[in-house]
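What you see is a predicted model; the values in this text were computed from it and never measured.
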Amino acid sequence: MIQIDSVSYDSTSQQLTIYVRNLGSTAVEIDEIYIYKSDGTLVTNIDLDQNVAIDPNSVGTITLNSESALNPGTYSYYVKVVTTTTSRG
């Protein structure tokens, strides 16, 4: 099981940073990210070129340039991350 600890967005550089905690006993890999407006409209989905591995009881950091300009002053967003299990751990 994972949880998103926090998300930050720098509108100048359009850089999105997501902190994901692995609460489980098995290592996971983040391989895709979805960003939605609060009304459920999909803004973008990002298929990571290189999966981010997170060991059990650890926090992983995902930093990427947003393909779509987000406007947090106008809209609220939520982020969904998709994981796969890995042979690590």
Side-chain angles (χ1 to χ4, degrees):
M1 176 175 21
I2 63 166
Q3 82 177 21
I4 296 176
D5 280 357
S6 67
V7 177
S8 63
Y9 179 68
D10 181 329
S11 59
T12 302
S13 64
Q14 294 185 346
Q15 190 171 52
L16 183 70
T17 305
I18 306 165
Y19 297 93
V20 180
R21 183 175 304 274
N22 181 354
L23 300 170
S25 59
T26 304
V28 297
E29 290 185 355
I30 307 298
D31 61 0
E32 198 161 7
I33 298 168
Y34 294 86
I35 302 171
Y36 297 89
K37 289 183 183 176
S38 59
D39 67 3
T41 303
L42 178 66
V43 175
T44 188
N45 72 305
I46 302 163
D47 188 6
L48 299 177
D49 292 333
Q50 184 173 357
N51 292 356
V52 176
I54 307 173
D55 289 324
N57 301 309
S58 297
V59 176
T61 303
I62 304 161
T63 303
L64 47 92
N65 290 323
S66 174
E67 297 172 359
S68 301
L70 303 177
N71 190 348
T74 303
Y75 299 104
S76 296
Y77 299 91
Y78 68 93
V79 175
K80 175 182 171 182
V81 295
V82 177
T83 64
T84 60
T85 57
T86 179
S87 58
R88 294 180 48 195

Study note, to complete from the structure: In short, Ile4 meets Val7 closest at the heavy-atom pair CG2-CG2, 3.6 Å

Revision key, fill the gap. Heavy atoms of Ile35 and Tyr77 approach each other most closely as CG2-CD2, 4.0 Å

**Study point:** Ile30 CD1 to Thr61 OG1 distance, which is reported to the nearest 0.5 Å
**Key:** 11.0 Å

Exercise for review: Can you run down the salt bridge (Lys or Arg N to Asp or Glu O under 4.0 Å) pairs that involve residues 68-80, sequence neighbours left out, and say none if there aren't any?
Suggested key: none

Review point. If you take all heavy atoms of Pro56 and Gly24, which pair is closest and at what distance?
Key: CB-O, 3.2 Å

Review point. What distance do Glu32 atom CD and Asp47 atom CG have between them, rounded to the nearest 0.5 Å?
Key: 5.0 Å

Practice item. Measure the CG-OG1 distance between Leu16 and Thr63 for me, rounded to the nearest 0.5 Å. Key: 8.5 Å

Exercise for review: Flag yes if Ile18 and Ile46 sit in one hydrophobic cluster, no otherwise; membership is Ile, Leu, Val, Met, Phe, Trp, Tyr, and two members link when side-chain heavy atoms are under 4.5 Å apart.
Suggested key: yes

Practice item. Measure the CD-CD1 distance between Gln50 and Ile62 for me, rounded to the nearest 0.5 Å. Key: 12.0 Å

Check your understanding: Is it true that atom CG of Asp39 has more than 12 heavy atoms of other residues, nucleotides or ligands lying nearer than 6.0 Å?
Key -> yes

Exercise for review: Kindly compute the distance separating CE (Met1) from OG1 (Thr83), expressed to the nearest 0.5 Å.
Suggested key: 11.5 Å

Practice item. Check whether any side-chain N or O of Asn51 sits under 3.5 Å from a backbone N or O of Glu29 as a donor-acceptor pair, and report yes or no. Key: no

Point to revise | Tyr75 side chain to Tyr36 backbone, donor-acceptor under 3.5 Å | key: no

Exercise for review: Output, in order, the C-alpha distance, side-chain angles, deciding distance and verdict of side chain to side chain contact (heavy atoms under 4.5 Å, CB included) for Val59 and Ile54.
Suggested key: CA-CA 7 Å; Val59 176; Ile54 307 173; 6.0 Å; no

Exercise for review: Go through the steps for Gln14 and Asn65 under the test side chain to side chain contact (heavy atoms under 4.5 Å, CB included), then give the verdict.
Suggested key: CA-CA 6 Å; Gln14 294 185 346; Asn65 290 323; 5.7 Å; no

Practice item. Supply the atom-to-atom distance Asn45 CG to Ile33 CD1, rounded to the nearest 0.5 angstrom. Key: 10.0 Å

Review point. Linking I/L/V/M/F/W/Y whenever any side-chain heavy atoms sit under 4.5 Å apart, do Val52 and Leu64 land together?
Key: yes

**Study point:** Donor on one side chain, acceptor on other, Ser58 and Asp55, under 3.5 Å
**Key:** no

Practice item. Report whether Val79 and Val28 are members of the same hydrophobic cluster (ILVMFWY, side-chain heavy atoms less than 4.5 Å apart, transitive linking). Key: yes

**Study point:** Tyr9 to Leu70 - nearest heavy-atom pair and separation
**Key:** OH-N, 3.2 Å

